[in-house]
Amino acid sequence: MESSVATTVLLPIALGVVMFGLGLSLTTKDFARVLSYPKAVVVALVCQVLVLPAVCFGLVYALSLPPELAVGMMLLAASPGGTSANLFSHLAHGDVALNVTLTAVNSLLAVVTLPLVVNFSLGHFLAGDAGIGLQFGKTLQVFAIVLIPVALGMLARHRMPVLAERTRKPVKLLSLVFLVGTILVAVYQERANIGGYLADVGLATLLFSVLSIALGYLAPRLFRVDRRQAIAAAMEIGIHNSVLAITIALTLLDNTRIAIPGAVYGIVMFFTAGAFGFLISRRVTAPTDTAQV
């Protein structure tokens with residue numbers, strides 16, 4: 001991927017709008033709700049933070065990916081769930097309240113876990129390029145990218161609840177339009193290279209997406225977690241924030257090849273998550289309550 005206005009300016013802005021919109025949908029109760037789903041939350045978080053990076057590490061070795069693409073895959077694995085996980089969970093009859101809780105907790109944990117995984121990957125796969133790691137200053141930037149827009153959104157909802165509720169859906173729609181538009185511009189600029197990107201990491205991102213969703217669903221079911229909660233966990237673990245991964249690769253690591261897996265995965269995941277949602281929703285009765293998405 002080549003750096004451009006779309007990737008270095010519009011993409012971070014789009015990410016900020018997305019994370020601000022996420023903040024508008026969160027309250028402190030969403031963090032406290034962890035106590036309501038202790039088993040589901042613990043299983044999902046262990047899968048997200050520990051098991052999935054290990055699975056991804058094994059996958060990049062099995063596929064013998066080049067070092068920079070391997071780091072890009074690990075960066076993707078370390079990124080928290082994407083905000084679209086709530087929508088996919090809703091359509092698949094999952095427990096959306098659990099999705100919101102997992103997103104809230106994952107966003108906090110990512111500030112610590114993401115730099116750790118990325119620095120380990122850089123040191124392991126690109127040992128000669130120690131200078132591009134996420135040192136303390138860049139780790140603070142991860143904190144700013146991930147949490148500040150979310151915190152501002154939550155503050156807006158707390159201070160102006162009526163206005164925040166009225167603007168929550170328009171902001172979500174705006175973030176989606178802005179995000180899709182930015183990605184389309186970036187894809188257009190990279191149209192000559194798309195075939196090569198798919199050849200490089202198409203299989204890796206497809207397998208990673210399938211494994212993420214399968215792990216997110218089967219692990220909770222193995223521990224006898226309710227099916228709707230398992231669906232929520234599958235969507236949360238299976239749909240990563242690819243925009244965050246791309247933004248960190250381009251702005252903090254200043255490496256366009258590390259951004260390639262996130263860009264390809266950002267397209268692939270919609271097909272795998274959609275297929276899983278379609279198949280699993282046929283086995284689950286739609287909830288009668290009207291959960292917020």
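These values consider heavy atoms only, across backbone and side chains, with no hydrogens, waters or symmetry-generated copies.
Two residues are said to be in side-chain contact when any heavy atoms from C-beta on lie closer than 4.5 Å; L114 and L244 meet this criterion. N106 has its side chain out of reach of T113: every pair of non-hydrogen atoms, C-beta onward, lies at least 4.5 Å apart. In this structure, the side chains of R159 and M154 stay at 4.5 Å or more apart for every pair of heavy atoms. Side-chain contact between I213 and I237: absent, with no pair of heavy atoms (C-beta onward) separated by less than 4.5 Å. The shortest side-chain heavy-atom distance between V60 and F125 falls under the 4.5 Å cut-off. Side-chain contact between L76 and S242 is present, with at least one heavy-atom pair separated by less than 4.5 Å. Counting heavy atoms from C-beta outward, V41 and L98 have side chains that approach closer than 4.5 Å. Under the 4.5 Å side-chain criterion, counting only non-hydrogen atoms from C-beta, S121 is in contact with V117.
Residues L116 and L126 are members of separate hydrophobic clusters, defined by side-chain heavy-atom contacts under 4.5 angstrom among Ile, Leu, Val, Met, Phe, Trp and Tyr. Note on L59 and L203: same hydrophobic cluster, where clusters join Ile, Leu, Val, Met, Phe, Trp and Tyr whose side-chain heavy atoms are under 4.5 Å apart, directly or indirectly. L75 and L63 fall within a single hydrophobic cluster, where Ile, Leu, Val, Met, Phe, Trp and Tyr side chains are chained together by heavy-atom contacts under 4.5 Å. Cluster annotation: V46 and I231 are assigned to the same hydrophobic cluster (Ile/Leu/Val/Met/Phe/Trp/Tyr, side-chain heavy-atom contacts under 4.5 Å, transitive). Hydrophobic clustering, with ILVMFWY side chains joined whenever heavy atoms are under 4.5 angstrom apart, keeps L50 apart from F223.
The distance from atom CG of N99 to atom OG1 of T103, rounded to the nearest 0.5 Å, is 6.0 Å. Taken to the nearest 0.5 Å, the CG atom of D200 stands 8.5 Å off from the CG atom of L65. We find the SG-CE distance between C56 and M74 to be 5.5 Å, quoted to the nearest 0.5 Å. Rounding to the nearest 0.5 Å places OG1 of T101 at 10.0 Å from CG of L45. If you take CG on D226 and NZ on K39, they are separated by 10.5 Å, rounding to the nearest 0.5 Å. For the atom pair R257 CZ and N255 CG, the distance stands at 8.5 Å (nearest 0.5 Å).
Distance alone, capped at 3.5 Å, is enough to place a donor-acceptor pair between the R221 side chain and the V225 backbone. The main-chain N or O of V201 is found under 3.5 Å from a side-chain atom of T205 such that the two form a donor-acceptor pair. At least one donor-acceptor pair under 3.5 Å links the side chain of Y265 to the backbone N or O of H240.
Residues S79 and N241 bring no donor and acceptor atom of their side chains to less than 3.5 Å of each other. Counted by atom type alone, E236 and S89 present zero donor-acceptor pairs between their side chains at under 3.5 Å.
Dense packing is recorded around NE2 of H124, with more than 12 heavy atoms of other residues, nucleotides or ligands lying under 6.0 Å away.
Annotation for A77 and P53: closest pair CB-CA, 4.2 Å, computed over non-hydrogen atoms. Nearest heavy atom pair, residue A273 against residue I239, reads CB-CD1, 3.8 Å. Closest approach of S281 and L91 over heavy atoms only: CB-O, 4.1 Å. Smallest separation of non-hydrogen atoms from A259 and I246: O-CG1, 4.0 Å. Smallest separation of non-hydrogen atoms from A233 and P220: CB-CG, 3.9 Å. Looking at every heavy atom in both residues, G277 comes nearest to A92 through CA-CB, 3.8 Å.
Between Y61 and F57, the ring planes are perpendicular. Angles over 60° get that label, and only those under 30° would be called parallel.
Annotation: F88 is not in aromatic contact with F276 [ring centroid separation under 6.0 Å not met].
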